[in-house]
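We use all heavy atoms of the structure for the numbers below, so side chains are in, but hydrogens, waters and symmetry mates are not. Source: prediction; values computed, not measured.
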Amino acid sequence: MRLILNPGQVDERVVMLPEGTTTIGRTEENGIRVPHPSLSRRHARLERAGGRVVLVDLDSKNGSFVGPHRVSRQELGHGQSFRCGEVWFRLVSLDTPLPDGWGPLRTQPLETRFSGGSSMEALLDTRSPDRTRDKLQVLLKVGQILASPGPVDGLLERVLQLVFQIWAVDRAAVLLVDRDTGALAPRVARGARGGALPERFYSQHIVDYVHSRGVAALFTDARDDARLVGADSVFRQSIRASLCVPLRTRDSVLGVLYLDSLTQGGLFTDEDLEFLTAFANQSAVALDHAHLARRLEEEAVLRNAYQRFFPPDVVRQLKALRGVPLEVREANVTILFSDITGFTAMSSRLKPRQVVDMLNAYFPVMADVVFRHEGTLEKYIGDALMAVWGAPFARPDDAERAVRAAVEMQQALAALNDRWRADGAPELQVHIGLNSGPVAAGNIGSERYLQYATVGDATNVAARVCGVARPGEVLITDATRALLDAGAFALEPLAPVKVKGRDEPLSLFRVRG
């Protein structure tokens with residue numbers, strides 16, 4: 001087995017990977033020493049047994065990564081790349097021929113003398129101080145322009161505007177990594193002369209190389225470069241010279257910035273590559289911040305919407321799904337309907353503001369009870385409340401949680417009435433009905449408007465049971481009773497009751513508090 005260090009970069013080298021254990025780190029004690037500041041003294045080890053190789057992270061500060069994921073232990077496949085800190089490696093078998101000549105004519109590490117870590121003295125200490133000083137001023141200006149807040153697409157347009165102001169190029173594009181597929185997809189593209197561009201004017205060969213290896217590439221004369229033999233797009237799109245650099249943050253490659261010229265080879269220099277790399281570094285930071293701002297905004301919207309319906313534990317589970325929509329699915333649930341007795345008549349005797357104040361005091365107390373028992377607060381319907389147990393996530397004791405919540409709601413209302421009685425305000429009574437059964441549950445209505453709902457006959461029956469219940473009662477159907485442990489509640493069977501929409505009478509039980 002062989003290990004390629006920094007594949008495709010100027011300091012690429014190949015080492016043999018022996019049987020047994022080989023450590024990677026920045027000190028002499030390691031089998032593979034890489035004196036890079038992002039590596040720990042003993043960063044990771046490779047365990048080889050025949051053709052099987054396992055990467056083990058040694059509690060390093062900057063981590064070991066396979067693809068975008070940080071790993072502690074991961075088996076590697078032939079040809080697979082991995083990263084320790086900021087150093088890339090690729091595992092190849094002995095019978096795999098190393099590429100002969102393929103690679104960009106130049107490659108550029110992502111740290112340059114124009115990067116933020118360089119001192120002002122170092123930046124100005126060059127053979128062409130005026131030119132370097134001008135470029136430094138450009139980078140400072142670029143940083144100010146890209147730091148302004150705004151949507152991602154607007155930021156990318158500003159990046160291309162700056163490209164055409166700085167470099168004499170014919171075409172430029174930003175391609176971003178699709179989060180679902182991992183492939184590069186064009187996001188914005190412009191030509192120096194305006195007008196429409198071909199759908200794929202860039203060289204796929206070049207952008208894939210830069211994306212996969214995370215290095216900046218310069219092709220001074222693409223047509224005559226032996227490294228691009230077989231890259232038909234170079235000739236089909238009349239590309240004479242090209243620069244392509246990754247938009248890379250500390251954690252990942254977000255995409256690539258591609259520039260080309262159609263009129264002459266030899267247009268770009270090593271200095272252009274170095275300067276474009278520094279420019280891309282700033283662009284990547286700005287892009288990462290824009291993505292973060294958008295994610296935070298989306299999460300805030302979802303969090304506010306979720307908190308209307310779900311208890312904190314469910315909100316945390318939904319947030320872990322990273323914004324995955326609540327698709328409609330079938331679920332077996334227990335539904336609770338609670339209604340204020342005689343609310344219409346009472347409202348006619350009170351001022352509108354008094355009614356609102358009373359409901360504003362009543363509903364939060366009832367909602368807290370629902371959430372305390374891990375229920376989903378589906379909706380308020382006038383003075384009624386509807387809650388569900390079993391969706392979006394099910395628990396084995398959902399029915400018991402729902403019944404306990406109903407009993408506690410009656411107890412909580414008694415405490416509210418004590419307070420209102422002391423203030424001379426009217427008291428409330430509620431009647432509650434519960435039923436269990438299959439429903440369709442999910443975000444029903446619109447992707448833009450989150451309205452979590454359950455639809456089905458089981459929901460309708462629960463509403464009918466609530467209508468049968470008398471003030472202060474909690475009634476449950478036989479379907480709910482069958483889900484309760486024997487003896488969990490004191491239940492009083494009632495005579496079968498005929499309700500609207502049902503041919504057969506319902507067998508109901510009164511829950512004794």
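Judged by distance alone, with hydrogens and angles left aside, the side-chain atoms of Asn30 form no donor-acceptor pair with the main-chain N or O of Arg33 at under 3.5 Å.
Remark: Asp368 engages Arg372 in a side-chain contact (heavy atoms from CB on, under 4.5 Å) (not counting sequence neighbours). For Ser40, the side-chain contact (heavy atoms from CB on, under 4.5 Å) partners are His43, Ser60, Lys61, not counting sequence neighbours. Evaluation of the ring pair (Phe, Tyr, Trp, His ring centres under 6.0 Å) rule for Phe363 yields Tyr380 as partners, not counting sequence neighbours.
In this structure the side chain of Ile4 reaches within 4.5 angstrom of the side chain of Val92, judged on heavy atoms. Using a 4.5 Å heavy-atom threshold, the side chains of Leu184 and Leu176 count as separate. Taking the side chain as every heavy atom from C-beta outward, Val15 and Thr22 never approach each other to under 4.5 Å. Using a 4.5 Å cut-off on side-chain heavy atoms (C-beta onward), Phe279 and Leu257 make contact.
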| query | Can you check salt bridge (Lys or Arg N to Asp or Glu O under 4.0 Å) on Glu374 and Arg401, steps first, answer last? | reply | CA-CA 8 Å; Glu374 303 294 329; Arg401 289 172 181 267; 5.0 Å; no
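We find the CG-CG distance between Leu336 and Leu377 to be 10.0 Å, quoted to the nearest 0.5 Å.
Asp208 pairs in a side-chain hydrogen bond (donor to acceptor under 3.5 Å, both in side chains) with only one of the listed residues (His211, His205, Gln204), which is Gln204.
Surrounding CZ of Arg329 are more than 12 heavy atoms belonging to other residues, nucleotides or ligands, all under 6.0 Å away.
With respect to Glu47 and Arg73, a salt bridge is recorded, a charged nitrogen being found less than 4.0 Å from a carboxylate O.
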